[in-house]
Number of protein chains: 2
Amino acid sequence: MTKRDDLIKTAFELFYQHGVHSVGINQILAETGVAKKTLYSHFASKEALLEAVIAYRDERFRLWLFGLMDAHTDPEEVVQAMFDGLDDWFNDRVDVLMPFQGCFFVKVNAEFLQHRVNELCFEHKQAIVDYLVRRLSQHYAAEAAQRLASQLALLKEGAIAQAYLGKDRQAAQVAWRLAQGLLSTGR
Amino acid sequence: MTKRDDLIKTAFELFYQHGVHSVGINQILAETGVAKKTLYSHFASKEALLEAVIAYRDERFRLWLFGLMDAHTDPEEVVQAMFDGLDDWFNDRVDVLMPFQGCFFVKVNAEFLQHRVNELCFEHKQAIVDYLVRRLSQHYAAEAAQRLASQLALLKEGAIAQAYLGKDRQAAQVAWRLAQGLLSTGR
DNA sequence: CGAATGGTAGACAGATCGGTCTACCTCTGT
DNA sequence: ACAGAGGTAGACCGATCTGTCTACCATTCG
């Protein structure tokens, strides 16, 4: 593992747990054992490091989630794979995502306003909606696929929020039950 | 308006928009025109001010939301009142809540870990679930009321998340459609 | 061998933070 | 008129922040 990767991974863990503004550069350096000059040779600023961290988490999360869903073709199974995955995440059965602390992008987004990172967080969420639309379009009309994707995204975000702040580790199952109603009735 | 109230209101607006750690005491003082000594005569620390801000927002939000829902008795109307209210909030038609910037409690919660304010944020969410259970218990069995409240809370949080980070101002209507399916089928 | 490269350790600068304290001003009640 | 209360303005303190810079060390390569 390169020092650059080590910095990104450690920064992610600290940002994820304590928030971006609560974590200092020196804390990240102490945790990794990397020298300050090395950090600033890889990243122009703390903000540049944060952007790399966002890209890192975005890639990890999407690869994990889409990997689960790619294994199915039936739309109900595709969607179930997502909520089953969320259930695993909420209950810390997914090593690659680190212990569950809510949605990293929601948390980062909460700390900034009219800032470049807000756009990056939005793009992550949008990429997941786009994937849902793409998969659902194989079995539904364009309009229905779009509507279903919006509804499923809402259920996914609701589940994450309830699992974290609401401390309901079974929120993914609640969301999945609601999603089943959607897929069967085609509301 | 007392200086104390002015401080709380201004601190809320700044914390809500930019995050707690991004806003300094001096910024709040400059905005209100209150002297630093006056602030520290009312609040022991920035953290104490934050706790007062949380209590302020909690009261305002609950009074607004419960006020809407208290006006109805039929469970479907009670729930519809909630999602109609959310729709008004997302589209800035509720002066008392300030321009929509997502859920204040979710944002504050994101900036702290194992901290007193996390508990306060949780209590706000719990108070709303408790209210839902109480209202639904008038027309449903205890178990069904509990299950419905969990589902509705998930839909509410999902709508807020989608409206803010997802930039979907119609998220409340999406959530309401899903809620209608719940109430009619009694799933 | 000896120069260059790329790392470490950490002092340092400049800004900003939360919080304290002094000095002054302006009302109010007697 | 005058004492006291409560406000303002802002200097000030120590801590901490991001980011720069110097000095040194280890490895590698000609």
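Residue numbers start from 1 in every chain, and the chains themselves are labelled A, B, ... in the order their sequence lines are given, proteins ahead of strands.
- Comment: B:K167 engages A:E119 in a salt bridge, judged by a side-chain N to carboxylate O separation of less than 4.0 angstrom.
- A:K3 has its NZ atom 12 Å from the C1' atom of D:dA26, to the nearest Å.
- In this structure, A:S45 reaches the sugar-phosphate backbone alone: every heavy-atom distance under 4.0 Å involves primed, P, OP1 or OP2 atoms, never a base.
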Under 3.5 Å, which N/O atoms of the protein pair with N/O atoms of nucleotides 12-15 of chain C?
none

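- If you measure from atom OH of B:Y40 to atom C1' of C:dT22, you get 17 Å, rounded to the nearest angstrom.
- Ion pairing between a basic and an acidic side chain is recognised when a charged N comes within 4.0 Å of a carboxylate O; A:R62 and A:D58 show such pairing.
- DNA chain D lies under 4.0 Å from at least one heavy atom of each of the following residues of residues 20-33 of chain A: A:V23, A:G24, A:I25, A:N26.
- Between B:A44 and B:A48, the shortest heavy-atom contact is N-CB, 3.9 Å.
- In this structure, B:F43 places its CZ atom 15 Å from C1' of C:dG18, rounding to the nearest Å.
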Pairs under 3.5 angstrom only: tabulate donor-acceptor contacts from the side chains of residues 78-90 of chain A to other protein residues two or more places apart or in another chain.
residue, atom, partner, partner atom, Å
A:D87, OD1, A:Q173, NE2, 3.1
A:D87, OD2, A:R93, NH2, 3.0
A:D88, OD1, A:R93, NE, 2.8
A:D88, OD1, A:R93, NH2, 2.8

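- Aromatic pair A:F15/A:H21: centroids not less than 6.0 angstrom apart.
- The side chain of A:K46 lies closest to D:dG19, out of C:dA9, D:dT8, D:dG19.
- Shown here is B:Q126, whose CD atom has more than 12 heavy atoms of other residues, nucleotides or ligands within 6.0 Å.
- Using a cutoff of 4.0 Å between basic side-chain nitrogens and carboxylate oxygens, A:K107 and B:E111 are not scored as salt-bridged.
- The CG-C1' distance, from A:L39 to D:dT20, rounds to 13 Å in whole Å.
- If you take NZ of B:K37 and P of C:dC24, they are 14 Å apart, rounded to a whole angstrom.
- What you find for A:Q101 and A:Y16 is that their closest heavy atoms are N-OH, 2.8 Å.
- Under a hydrophobic-cluster definition in which Ile, Leu, Val, Met, Phe, Trp and Tyr are linked whenever side-chain heavy atoms come within less than 4.5 Å, directly or via other members, B:V20 and B:F122 are assigned to different clusters.
- Remark: B:T38 is in phosphate contact with D:dT8, judged by side-chain N or O atoms under 4.0 Å from OP1 or OP2.
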